[in-house]
Trainee: 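After the structure tokens below, expect a handful of questions from me.
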Amino acid sequence: MAEIEINQGDITKFAVDVIVNAANSSLLGGGGVDGAIHRAAGSELLEECRRIAHTRREAGTEPCPAGDAVLTGAYKLPCKGVIHTVGPIWYGGGRGEADLLASSYRKSLLLAQETGFSTIAFPNISTGVYGYPKEEAARIALETIKKTLPHTPGIRRVIFVCFDEENYRLYRTLAQ
Ligand code: APR
């Protein structure tokens, strides 16, 4: 069974196989962890995201719908790849937010497995700009990863990288 770790820090510094980005559906960057990842990766990451976004819009779909996940290179980052996922915006819980958040974690882990990665780091998806209540988001994140790991035998290590103190405390309490 894979190890699950709770760390505090800046996800762009983690030299794991793949880090997960809390992106938006345009895939064209933003603030928060999305901004930090693009800054650290350099402009080639945005160029690849632009190509993916263009191809998907040509095919009539959003570059990355909420709950979905897209893989790119990592460029100047110390990891080997970046999985961009789009968490739900919190509207109060009545618009399927919990299922979409779970889907973001599940699809990112399955995509890492399919790509042959064995170590992955997640940020606390949707708990910043998107306003998802942190405790509920932490519970969904841990529960979804634990439920998905039996289907991803290649994954040996999952790290939850908490940036703020509150998330760090919540994850450590819930992961016990
Ligand atoms: N490393 C790890 N976690 C980070 C970092 C970092 N360098 N910077 C911020 N975070 C944390 C935030 O503290 C928060 O707990 O990432 C978590 C997710 O917050 P956001 O980055 O705001 O992401 P989210 O809430 O999913 O909103 C996504 O914000 O940046 C835009 O383009 C993005 O539109 C999208 C929206």
Side-chain angles (χ1 to χ4, degrees), residues 4-43 45-50 52-53 56 62-72 74-79 81-93 95-109 112 119-142 144-145 157-175:
I4 294 179
E5 288 174 34
I6 314 294
N7 282 200
Q8 186 166 18
D10 174 354
I11 200 167
T12 66
K13 308 279 188 234
F14 280 69
V16 289
D17 285 344
V18 63
I19 63 172
V20 177
N21 181 21
N24 60 62
S25 56
S26 75
L27 281 186
L28 298 182
V33 68
D34 196 4
I37 286 173
H38 275 276
R39 275 193 302 280
S43 59
L45 177 58
L46 185 59
E47 283 159 26
E48 182 177 1
C49 289
R50 278 206 180 107
I52 294 168
R56 288 184 174 219
E62 262 189 312
C64 188
D68 209 340
V70 172
L71 174 73
T72 67
Y75 304 102
K76 296 193 175 75
L77 285 160
C79 55
V82 180
I83 288 176
H84 307 259
T85 190
V86 178
I89 298 172
W90 178 253
Y91 290 109
R95 297 198 197 178
E97 293 98 322
D99 290 343
L100 283 171
L101 185 61
S103 173
S104 274
Y105 281 101
R106 182 173 51 257
K107 288 192 175 177
S108 297
L109 197 67
T119 57
I120 181 169
F122 284 96
N124 311 134
I125 300 166
S126 282
T127 67
V129 168
Y130 280 0
Y132 210 108
K134 293 183 178 178
E135 182 156 2
E136 181 57 13
R139 195 186 55 71
I140 290 170
L142 288 162
T144 306
I145 293 300
R157 210 164 144 234
V158 178
I159 306 176
F160 288 100
V161 180
C162 304
F163 197 61
D164 56 77
E165 196 52 46
E166 189 187 356
N167 266 315
Y168 185 53
R169 210 169 11 83
L170 280 167
Y171 271 77
R172 289 184 67 87
T173 309
L174 289 170

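Note that this is a predicted model, so its numbers are computed, not measured. Hydrogens, waters and symmetry mates are skipped; everything else that's a heavy atom, side chains included, is used. Indexing begins at 1, ligand by ligand and atom by atom, following the structure's order. Residues: numbered from 1 along the sequence shown.
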Trainee: Quick one: nearest non-hydrogen protein atom to atom 12 (C) of ligand 1, plus distance?
Mentor: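 The answer is F163 CB, 4.3 Å.
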Trainee: Could you tell me the residue and atom name of the protein heavy atom closest to atom 16 (O) of ligand 1, and the distance to it rounded to 0.1 Å?
Mentor: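 Ranked first by proximity to atom 16 (O) of ligand 1 is V33 CB, 3.9 Å.
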Trainee: Find out whether T72 and H84 are in side-chain contact, i.e. whether some heavy atom of one side chain is under 4.5 Å from a heavy atom of the other.
Mentor: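 Yes, at least one pair of side-chain atoms sits under 4.5 Å.
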Trainee: How long is the gap from CZ on F160 to CD1 on I11, to the nearest 0.5 Å?
Mentor: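 The CD1 atom of I11 is 10.5 Å from CZ of F160, to the nearest 0.5 Å.
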Trainee: Counting only heavy atoms, which portion of A22 has something under 4.0 Å from ligand 1: side chain, backbone, both, or neither?
Mentor: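 The answer is both, backbone and side chain.
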Trainee: Is any N or O atom of G128, backbone or side chain, closer than 3.5 Å to an N or O atom of ligand 1?
Mentor: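 In this structure, G128 places an N or O atom under 3.5 Å from an N or O of ligand 1.
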Trainee: Could you tell me which atoms of ligand 1, counted from 1 in the order shown, lie closer than 4.0 angstrom to a heavy atom of G30?
Mentor: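 Reading through ligand 1 atom by atom, the close ones are 30 (O), 32 (O).
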Trainee: Tell me which protein heavy atom sits closest to atom 14 (C) of ligand 1, plus the residue, atom name and distance to 0.1 Å.
Mentor: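 It is T127 OG1, 3.6 Å.
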Trainee: Verify the neighbour count for atom CD of E136: are there more than 12 heavy atoms of other residues, nucleotides or ligands below 6.0 Å?
Mentor: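 Enclosed: over 12 neighbouring heavy atoms sit under 6.0 Å from CD of E136.
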Trainee: Which ligand 1 atoms are under 4.0 Å away from a heavy-atom of G31?
Mentor: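 It comes down to these atoms of ligand 1: 30 (O), 31 (C).
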Trainee: Does any non-hydrogen side-chain atom of W90 lie less than 4.5 Å from one of P133?
Mentor: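 P133 vs W90: side chains touch.
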Trainee: Quick one: does N7's side chain have a donor or acceptor within less than 3.5 Å of a partner on C162's backbone?
Mentor: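 The answer is no, because no donor-acceptor pair under 3.5 Å joins these two groups.
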Trainee: Quick one: NZ on K134 to CG on L170, what's the gap to the nearest 0.5 Å?
Mentor: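 Spacing of NZ (K134) from CG (L170) equals 8.0 Å.
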Trainee: Please identify each residue that fulfils side chain to side chain contact (heavy atoms under 4.5 Å, CB included) with T144, with sequence neighbours left out.
Mentor: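 Applying side chain to side chain contact (heavy atoms under 4.5 Å, CB included) to T144 gives A102, Y105, R106, I140, T148.
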Trainee: Under 4.0 Å from a heavy atom of D34: which atoms of ligand 1 are those, numbered in the order shown and with their elements?
Mentor: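 Contacts of ligand 1 toward D34, numbered from 1: 30 (O), 32 (O), 33 (C).
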Trainee: Output yes when a side-chain donor or acceptor of T119 lies under 3.5 Å from a complementary backbone atom of R157, and no otherwise.
Mentor: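 No: the side chain of T119 does not pair with the backbone of R157.
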Trainee: Taking C-beta and beyond as the side chain, do F14 and V161 meet within less than 4.5 Å on heavy atoms?
Mentor: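 SC-SC contact between F14 and V161 confirmed.
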Trainee: Roughly how far, to the nearest 0.5 Å, is CG of D68 from OG1 of T85?
Mentor: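 Answer rounded to 0.5 Å: 7.0 Å.
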Trainee: I'd like the name of whichever of Y168, Y130, F160 reaches closest to atom 35 (C) of ligand 1 through any heavy atom.
Mentor: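 Considering heavy atoms of Y168, Y130, F160, the nearest to atom 35 (C) of ligand 1 sits in Y130.
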Trainee: Which bit of N167 gets closer than 4.0 Å to ligand 1, counting heavy atoms only: side chain, backbone, both or neither?
Mentor: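 The answer is the side chain.
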Trainee: List ligand 1 atoms under 4.0 Å from A36, heavy atoms only on the residue side.
Mentor: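 With A36 as reference, the close atoms of ligand 1 come out as 7 (N).
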Trainee: Where is the nearest protein heavy atom to atom 1 (N) of ligand 1: which residue, which atom, and how far?
Mentor: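 Its nearest protein heavy-atom neighbour is I11 N, 3.0 Å.
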Trainee: Should the proximity of A23 to ligand 1, defined as any heavy atom under 4.0 Å, be assigned to the side chain, the backbone, both, or neither?
Mentor: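 For A23, the contact with ligand 1 is made by the backbone alone.
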Trainee: What pair of heavy atoms forms the shortest contact from A22 to D34, and how long is it?
Mentor: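 In terms of heavy atoms, the two residues are closest at O-CB, 3.7 Å.
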Trainee: Show the atoms of ligand 1 that are less than 4.0 angstrom away from any heavy atom in G9.
Mentor: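 Near G9, meaning under 4.0 Å from one of its heavy atoms, ligand 1 has 1 (N), 2 (C).
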Trainee: When you measure from the heavy atoms of S126 to every atom of ligand 1, does any distance fall below 4.0 Å?
Mentor: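 For ligand 1, residue contact (heavy atoms, under 4.0 Å) with S126 is present.
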Trainee: What is the distance from atom CD1 of I19 to atom SG of C79, rounded to the nearest 0.5 Å?
Mentor: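 If I round to the nearest 0.5 Å, the distance is 4.0 Å.
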Trainee: Hey, is C162 one of the residues with a heavy atom under 4.0 angstrom from ligand 1?
Mentor: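 C162 does not count as a contact of ligand 1 under the 4.0 Å cut-off.
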Trainee: So which bit of D164 gets within less than 4.0 Å of ligand 1, heavy atoms only: side chain, backbone, both or neither?
Mentor: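 Under 4.0 Å from ligand 1, D164 contributes side-chain atoms alone.
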Trainee: Taking 4.0 angstrom as the limit and counting only heavy atoms of N124, give me the atoms of ligand 1 inside it, by number and element.
Mentor: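 Contacts of ligand 1 toward N124, numbered from 1: 15 (O), 17 (C), 18 (C).
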Trainee: Checking a contact table here: which protein heavy atom is nearest atom 22 (O) of ligand 1, and how many Å away?
Mentor: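 Protein heavy atom with the smallest distance to atom 22 (O) of ligand 1: V129 N, 2.9 Å.
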Trainee: Which ligand 1 atoms, with their elements, are less than 4.0 angstrom from a heavy-atom of D10?
Mentor: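 Under 4.0 Å from D10, ligand 1 has these atoms: 1 (N), 6 (C), 7 (N).
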